[in-house]
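Accompanying notes for the structure given below.
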Amino acid sequence: MTLPNGPALSPLQQRIRTWKFILSPLSAIEERYSEYGDVFRTNTNSLFPFIYFCNPKAIQQIFTADPDIFGLGGSNGVLGHFVGENSLLLLDGDRHRQQRKLLMPPFHGDRMRSYGDLIYKITSDVISQWEIDKPFPIRKSTQEISLKVILGAVFGLNQGERYEKLRLLMSDVLDSMSSPLSSIFLFFRFLQKDWGSWSPWGRFLRKKQELHELTLAEIATAKKEGNHRDDILSLLLEARDETGNPMSDEEIKDELLTMLMAGHETTASALAWALYWIDKIPSVREKLRAELATLPNNSDKVAITKLPYLNAVCQETLRIYPIVTNAFPRVVQKPIEIMGYQLEPGMVAIVSIYLTHHREDIYPEPKQFKPERFLERQFSPYEYLPFGGGSRRCIGSAFALFEMKLVLATILSQYELKLVSNRLIKPVRRGVTMAPPGNMRMVVKQKFRE
Ligand code: HEM
């Protein structure tokens, strides 16, 4: 079958469409979906079109394909603006597999659960700054929590001058490309001009350079101190490849920055959305409070993570507005047929997480926030995929859910939070993710305990 192509576009029409995909990606793909259905292509005039899929059968085929059929082939270049070339986000083939194996364990099992106290303490510290009846931007607070948590996990740091410097720089670098408008710089080469520290791209590059230098300094300090801590930096310092060689400082730095970046922006947005929905829908709030009240001890981390309704609220939060709307692009290396369509090398298969999560046939009333759907049935990994899938599935998925549950339980057991405005809020672009707007404000109405 020939891929649904749509009419040929003039260069101007193509440009307008590209801008729409960048500034308003959700409505852009929804329009294409309603026009063409399960499979469609964008980048129509290019030799290397993007083919979008949102059918679970197609997704299963892509996620379970032989490793030599798809590769990243440099298609994750936008993320390369933040991290160095040795980052897991940019690697392919054997090196990718090896690095994944190395980086997975700290984000699972007992190692992950050992961060429970840290998450609880950081959350309690951050929210203790909230004042009754004084509105504040909620995503800023959730970002402060998730950044502090990941800094603790990665560097083993949770206070002091070096920690504060790293924290502020990391926020600065990400914030400088975070508004819908400034995000445009990430996608157009002609805007990426270094006209000095006063120009947006120049300022971004300088901050990024500073962050990379500070991370290298942190690696040097850890080596000098010969630390034997339980953090990810220590783990990477001790790692050896098959020939017994350690990782270079540059490689370690790129992986540390990857964990920092991938590990907190996403979770911060997910937490802010969860708080939005919990306030927006009173029945959800009441059920959640009733469930939390069944816990004899509010700080029992294991019990919190097993609560079914809290779990369903987190799952639904990541379904309705997935923070990452598409899995990483999979560039075809060898011809493959998917759903009757022939894909040739160079074409790019895009699994649309957002469109899959909004299919009526899987999620009736997909625009409604209904955690109950996760209590009523189980979804396959090709129907529910907020963390992508296959060989590139997010390595931080268990950690992110663990953190979301503990942070939400801590906040809800201490405060009654309300949205300042009751208008419906839509996701906006924040760099390469879709997030609640930075100015979404909440206010503390009641404090349950000091
Ligand atoms: C709610 C939070 C999060 C969401 C929604 C999310 C989502 C995703 C998605 C969709 C992918 C691409 C997967 C694919 O293409 O199949 C990904 C990859 C990745 N994520 Fe996450 N993520 C989250 C939290 C985290 C955390 C806490 C970490 C911390 C380590 C992390 C680290 C990574 C890394 C390193 C990759 C690249 C994996 C690879 O290329 O092999 N993420 N994430």
Side-chain angles (χ1 to χ4, degrees), residues 53 59-60 62-65 67 70-72 75-76 78-80 82-83 86-108 111-112 115 119 142-143 145-147 149-154 231-232 235-236 254-274 314-315 317-331 348-354 356-357 381-382 384-405 407-408 427 430 432-436:
F53 295 96
I59 297 173
Q60 178 166 17
I62 295 170
F63 283 170
T64 57
F70 294 107
L72 274 186
S75 60
N76 248 354
V78 175
L79 295 171
F82 295 97
V83 291
N86 305 293
S87 161
L88 187 67
L89 301 171
L90 307 179
L91 296 179
D92 251 334
D94 285 346
R95 259 188 92 197
H96 172 250
R97 263 190 301 280
Q98 284 159 10
Q99 288 295 93
R100 249 182 99 85
K101 228 165 103 192
L102 185 70
L103 292 168
M104 295 268 280
F107 296 107
H108 293 86
R111 290 281 299 274
M112 173 190 86
Y115 296 120
I119 295 172
T142 54
Q143 171 136 354
I145 295 172
S146 63
L147 179 52
V149 167
I150 199 76
L151 275 169
V154 168
D231 54 55
I232 294 166
L235 181 96
L236 297 184
D254 289 352
E255 290 308 18
L256 294 178
L257 289 173
T258 301
M259 299 301 119
L260 283 187
M261 188 192 82
H264 89 280
E265 272 279 297
T266 42
T267 314
S269 295
L271 278 167
W273 275 132
C314 294
Q315 306 276 34
T317 299
L318 294 171
R319 180 199 67 84
I320 195 160
Y321 293 144
I323 313 298
V324 183
T325 45
N326 301 319
F328 292 162
R330 268 69 167 175
V331 181
V348 185
I350 304 281
V351 168
S352 171
I353 300 175
Y354 178 81
T356 313
H357 285 185
Y382 316 112
Y384 182 66
L385 49 146
F387 298 104
S391 61
R392 298 212 83 98
R393 189 176 191 277
C394 176
I395 64 167
S397 59
F399 188 88
L401 282 171
F402 179 68
E403 180 176 348
M404 277 178 79
K405 290 175 187 176
V407 174
L408 291 175
R430 187 181 160 88
V432 293
T433 62
M434 293 300 286

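Here, residue 1 is the first one in the sequence, and each next residue gets the next number. Read the numbers this way: they start at 1 and go in the same order the structure lists the ligands and their atoms.
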What is the minimum heavy-atom distance between Ile353 and Asn326, and which atoms define it? CD1-C, 3.8 Å
Which of the ligand 1 atoms, numbered from 1, are nearer than 4.0 Å to a heavy atom of Gly388: 10 (C), 13 (C), 14 (C), 16 (O)
So if I count the atoms of ligand 1 from 1 in the order they appear, which ones are less than 4.0 Å from some heavy atom of Met259? 30 (C), 35 (C)
Considering only heavy atoms of Pro386, which atoms of ligand 1 have at least one such atom less than 4.0 Å away? 5 (C), 7 (C), 10 (C)
Is it the side chain, the backbone, both or neither of Cys394 that has a heavy atom closer than 4.0 Å to ligand 1? both
Which atoms of ligand 1 are found less than 4.0 Å from any heavy atom of Val324? 7 (C), 10 (C)
So Leu90 and Leu72, do their side chains get closer than 4.5 Å, heavy atoms only? no
Leu89 heavy atoms, cut-off 4.0 Å: which ligand 1 atoms fall inside? 36 (C), 37 (C)
First locate atom OG1 of Thr266, then atom CG of Leu271, and finally report the distance between them rounded to the nearest 0.5 Å. 9.5 Å
Proximity winner for atom 27 (C) of ligand 1, if only heavy atoms of Ser146, Gly263, Ala153 are counted: Gly263
Looking at non-hydrogen atoms alone, which of Ala262, Ala268, Ala400 comes nearest to atom 25 (C) of ligand 1? Ala262
Does the plane of the ring in Phe63 sit parallel, tilted or perpendicular to the ring in Tyr382? Use 30° and 60° as the thresholds. tilted
Can you measure from CD (Gln98) to CG (Leu91) and round to the nearest 0.5 angstrom? 9.5 Å
Numbered atoms of ligand 1 (with element) below 4.0 Å of Arg100, judged on heavy atoms: 38 (C), 39 (C), 41 (O)
Side chains of Met404 and Thr267 in contact at under 4.5 Å (non-hydrogen atoms): yes
Minimum distance, heavy atoms only, to atom 16 (O) of ligand 1: which one of Cys314, Gly389, Pro106 is it? Gly389
Could you go step by step and tell me if Ile395 and Leu88 meet the side-chain contact (heavy atoms from CB on, under 4.5 Å) rule? CA-CA 10 Å; Ile395 64 167; Leu88 187 67; 4.2 Å; yes
Assign the ring pair Trp273 / Tyr321 to parallel, tilted or perpendicular, where the plane angle (0 to 90°) is split at 30° and 60°. tilted
Heavy-atom distances under 4.0 Å decide this one: backbone, side chain, both or neither, for His96 against ligand 1? side chain
Could you tell me if the side chain of Leu256 sits less than 4.5 Å from the side chain of Met259, heavy atoms only? no
Looking at ligand 1, is there an atom of it that comes within less than 4.0 Å of some heavy atom belonging to Arg330? yes
Evaluating non-hydrogen atoms only, which member of Thr266, Ile232, Thr433 is closest to atom 2 (C) of ligand 1? Thr266
